[in-house]
Amino acid sequence: MIPKDLLYHKEHEWIRVEDGRVIVGISDFAQEALGDIVYLEIPEIGKSLKQGDEITEIESTKTTSMLYAPVSGKIVAVNRDLEEKPELINEDTYGGGWILTIEVDQASELDHLMEWGDYERFLENEKQD
Amino acid sequence: MPEKTIFEKSVEGRRGQSFPIEQLGDFSPEQALPKACLREMPLDLPEVSENELMRHYTRLSQESYGVDNGFYPLGSCTMKYNPKINEDVARFPGFSQVHPMQEVQSAQGALTVLYELEQMLCEISGMAAISLQPVAGAQGEMVGMMMARAYHESQGHARQVVVIPDSAHGTNPASAHLAGYTIKTVHSNAEGLIDLDDLAKIVDRDTAALMLTNPNTLGLFETQIEAIAEIVHAAGALLYFDGANLNALLGLTRPGDMGFDIVHFNIHKTFSTPHGGGGPGAGPVGIGANLLPFLPSPVIKKDQDGFSFDHDLPQSIGRVHGFYGNFGILLRAYTYIRRLGAAGLAAISRNTIINANYLKKRLEEDYNIPMSGPCMHEFILSALAFRKKGIHAWDIAKRLIDYGFYPPTVNFPLIIEEALMIEAPESEARETLDAFAEAMKQIRHEIDAEPEKLKSAPCSGPAGRMNEVQAARQLDVKYE
């Protein structure tokens, strides 16, 4: 079930907004495209990011893919369960497969993200390319 | 049934050789060696007889598959036959017993080989000078990037960005990153070539280099290479040639003539030296005259006294490997080039291009080929259409093992979904290509009729389908 109340970044991250913070994971499309995820380096808490910065690499049996910061801010929480169980991203990307929480610097950056309908159209375009 | 490990075969007290321990007399390691050098625990070596040892490793070697067993269409890797004359020459005592520490006056033969190999690679690539020091393609890339950095710093403007196409080998961004650069990606157009508009937008005064594989990883020649070179050079950046696919160009065209400033060679691909097994490799780097001062130190110089190493290179990026690279491997490449000559090298490239196009034609009825025009030495199939049946590129690859072939590269390049990348080196006969095409046709039939055969493949061989996911998630390479 794909939650419709999230925001999406063009690099296929989902963003859940919760009072000044955002929880970030990768979209169902992204986990499906990557295939079985075998490793990701857990980001460092406290690190400051600018929108579009590389955060960490996600490694699957097929390929590795970069996770980008969907907004600027500071990393305030990370999902340590992924250290032992990266497959949580494949199994439950919108729940137990969350990757990190960012304290947002500028709420206005959220306006640049896509809502579900826009992301769905974005995916359709990507597929046609 | 998989072969047991040598540790599982161990029987306490069994010996391959008996040493005359009594001759040691009253020698005691505790007295002879400082305490820090003594083991705290006995060394846990497997205990087997000599014949058990031989049989174990012979069986393991027979469970392996290499170019001496059969066709090896691993795209981008150029798994060509390694002529045995290379091995003969490498074993000549004058070469095999030369020592890197001996005086250069007594190693003039070895230095002649290295010097002449540099000259040959200069002629093949159209570059001004070569360093044979790097011992792998990826090290060659990094050395190339370090020279690019030294060059730009000497121009008074250390640039920060290396531009790399989305179809590139993963080593390109890795090498540029290690050399301290930030990576920007340039996209491919619908034809699978570099999008010139995108390139023109990305390349600017902060671009140090564009790293380019030509022919690219889709097996296509970058036909606009001159326009690409112009965009890159107009911004003051350098053009880097990833030599992974040089096998398609020998004697036909040269990177130097296309405008490349730095080139690396994959000796194990193009020049028939052994791949893999962690064994020694060689990744020489070639440069244009503008980068001469930055070559790794030392370089081989020739004067009236013969050959020697020149260490007096104030702007050099420094030494990048012990001595002067992997001599034995370079010697094999020298043998290969000398044996073929200029006409032979051009025939190599023509034949691999013909082989790949022949195979592509034979497969196009049964498989989707995203880039439909003529290819160079390799081409890409896409298995995307079979995904709805639960069949992926790797299922086709695994099934090929049952038909006696090594699998092609899968899921690369990244811009083609469910890619199977097939290379057909020049050394393969038409009958071999036909047999491979027939196997692929059979597999295509199985995808419709018996897909479970693919999902459980390989069913031949000692071990069946390996669980690659579990192996990657719970990596365990240690016995006990």
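Letters go in sequence order (proteins before strands), and every chain restarts at 1.
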Contacts of [range] with chain B (heavy atom under 4.5 Å):
{"range": "residues 102-120 of chain A", "result": "none"}
{"range": "residues 48-63 of chain A", "result": "Thr61(A), Lys62(A), Thr63(A)"}
{"range": "residues 30-44 of chain A", "result": "Asp36(A), Ile37(A), Val38(A)"}

Glu452(B), CD: over 12 other non-hydrogen atoms inside 6.0 angstrom:
yes

With a sphere of 6.0 Å drawn around NZ of Lys85(A), does it hold more than 12 non-hydrogen atoms of other residues, nucleotides or ligands?
no

What part of Glu87(A) gets within 4.5 angstrom of chain B, counting heavy atoms only: side chain, backbone, both, or neither?
both

Heavy atoms under 4.5 Å from chain A: which residues of residues 209-219 of chain B carry them?
none

